[in-house]
Amino acid sequence: MIKIAHRGVSAQAPENTRAAFEKMLSLDITWLETDIDITSDCQLVLIHDASVNRTSNGNGKVNRNTLQGLQKLDFGEWFSPVYQGQQIVTLDWLIDFVNLHQLNVNFELKTDVQGEQQNFYLMRIHKAFLRLNPNCQIIVSSFNVPLLKKISRANAKSCHGITSRWANY
């Protein structure tokens, strides 16, 4: 059986934070699932929702905030005061973490951006994936089928999966 840490170990630490990913190590979990969105200044960050309202002390859409603005928010205290001060995680940090600890990842594409901004989002993700250790296994998934088709053209070596709510495709 393969254990996959959904948004890190999100039952024990705030989802998609360094704390949630670091908890994987002591539990001997080698797969994680996370979500990728893009900020207004084109930085790739890990967050499940389109807004920061549920998982931080801020509000507003991820892609309408800069990375610097998002890093001023607290992404941990909503879960527990023990995690106060957790910042939003960048894809760059996660890739370094994954490479260091030889982990595997299911990256879920989560963004509302369209048009040229969406193409830039996909290009940035593709470039980031090139930094992954060649032994790292990855799955790229999304509810957004057209987005998944676009990324699959650029990342032929990764597995791709449609995340669904029992919809017909």
Side-chain angles (χ1 to χ4, degrees), residues 4-8 10 14-18 20-21 31-76 78 86-99 103-134 136-169:
I4 301 173
H6 186 246
R7 302 179 204 154
S10 57
E15 64 187 59
N16 283 323
T17 61
R18 290 182 182 194
F21 297 127
W31 273 89
L32 68 95
E33 181 276 344
T34 191
D35 313 281
I36 308 171
D37 205 344
I38 192 166
T39 63
S40 63
D41 57 341
C42 302
Q43 301 301 308
L44 298 173
V45 293
L46 309 180
I47 187 165
H48 176 75
D49 301 350
S51 77
V52 299
N53 301 18
R54 181 178 64 84
T55 57
S56 81
N57 62 342
N59 59 56
K61 294 190 82 156
V62 174
N63 56 38
R64 293 206 177 125
N65 283 282
T66 64
L67 177 60
Q68 184 177 17
L70 292 174
Q71 287 177 326
K72 292 177 182 175
L73 301 177
D74 186 314
F75 281 84
W78 70 272
Q86 288 287 309
Q87 292 185 319
I88 196 162
V89 176
T90 64
L91 181 59
D92 284 337
W93 179 87
L94 185 72
I95 288 175
D96 290 341
F97 180 78
V98 164
N99 287 341
L103 302 172
N104 304 299
V105 188
N106 175 359
F107 291 104
E108 185 164 347
L109 306 182
K110 292 267 184 133
T111 191
D112 290 340
V113 297
Q114 299 294 318
E116 284 305 309
Q117 194 176 9
Q118 184 183 85
N119 292 336
F120 187 73
Y121 165 78
L122 294 172
M123 186 267 304
R124 290 289 313 270
I125 290 172
H126 175 71
K127 286 180 77 173
F129 286 177
L130 295 175
R131 291 187 44 235
L132 286 165
N133 180 316
C136 175
Q137 298 177 59
I138 69 168
I139 298 169
V140 181
S141 60
S142 182
F143 281 98
N144 184 328
V145 176
L147 189 65
L148 194 58
K149 287 179 180 177
K150 284 181 183 179
I151 195 82
S152 68
R153 290 184 207 117
N155 289 295
K157 291 184 179 179
S158 62
C159 295
H160 300 87
I162 299 167
T163 308
S164 75
R165 291 187 177 93
W166 305 106
N168 294 322
Y169 293 99

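- Side-chain contact between Leu148 and Val140 is present, with heavy atoms from C-beta onward closer than 4.5 Å.
- Counting only heavy atoms from C-beta outward, the side chains of Asn16 and Val89 never approach each other to under 4.5 Å.
- For the side-chain hydrogen bond (donor to acceptor under 3.5 Å, both in side chains) test, no residue two or more places apart in sequence or in another chain qualifies with Ser10.
- For Asp37, the side-chain hydrogen bond (donor to acceptor under 3.5 Å, both in side chains) test picks out Thr111, with sequence neighbours left out.
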Using residues 59-73 as the side-chain source, report each donor-acceptor pair under 3.5 Å to any protein atom, sequence neighbours left out, with the distance given to one decimal.
residue	atom	partner	partner atom	Å
Lys61	NZ	Asp112	OD2	2.7
Asn65	ND2	Lys61	O	2.7
Thr66	OG1	Gly69	N	3.0

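- Evaluation of the side-chain contact (heavy atoms from CB on, under 4.5 Å) rule for Gln137 yields Trp31, Asn104 as partners, not counting sequence neighbours.
- Asp96 meets the side-chain contact (heavy atoms from CB on, under 4.5 Å) test with Arg131; sequence neighbours excluded.
- Residues passing the side-chain hydrogen bond (donor to acceptor under 3.5 Å, both in side chains) test with Arg124, sequence neighbours excluded: none.
- Within the structure, every pair that satisfies the salt bridge (Lys or Arg N to Asp or Glu O under 4.0 Å) test and touches residues 40-57, not counting sequence neighbours, is listed here: Glu15-Arg54, Asp49-Arg54.
- Residues that satisfy the salt bridge (Lys or Arg N to Asp or Glu O under 4.0 Å) test with Asp74, not counting sequence neighbours, are absent from this structure.
- Remark: Arg18 engages no residue in a salt bridge (Lys or Arg N to Asp or Glu O under 4.0 Å) (not counting sequence neighbours).
- Applying the ring pair (Phe, Tyr, Trp, His ring centres under 6.0 Å) rule to Tyr121 yields no partners; only residues at least two apart in sequence or on another chain are considered.
- One distance of note links CG of Asp92 with CG of Leu46; it measures 9.5 Å at 0.5 Å rounding.
- Take Asn106 and apply the side-chain contact (heavy atoms from CB on, under 4.5 Å) test, not counting sequence neighbours, and it matches Glu33, Ile139, Ser141.
- For the pair Ile95 and Val105, the minimum side-chain heavy-atom distance is 4.5 Å or more.
- Every side-chain hydrogen bond (donor to acceptor under 3.5 Å, both in side chains) that Gln118 has, sequence neighbours left out, goes to Lys150.
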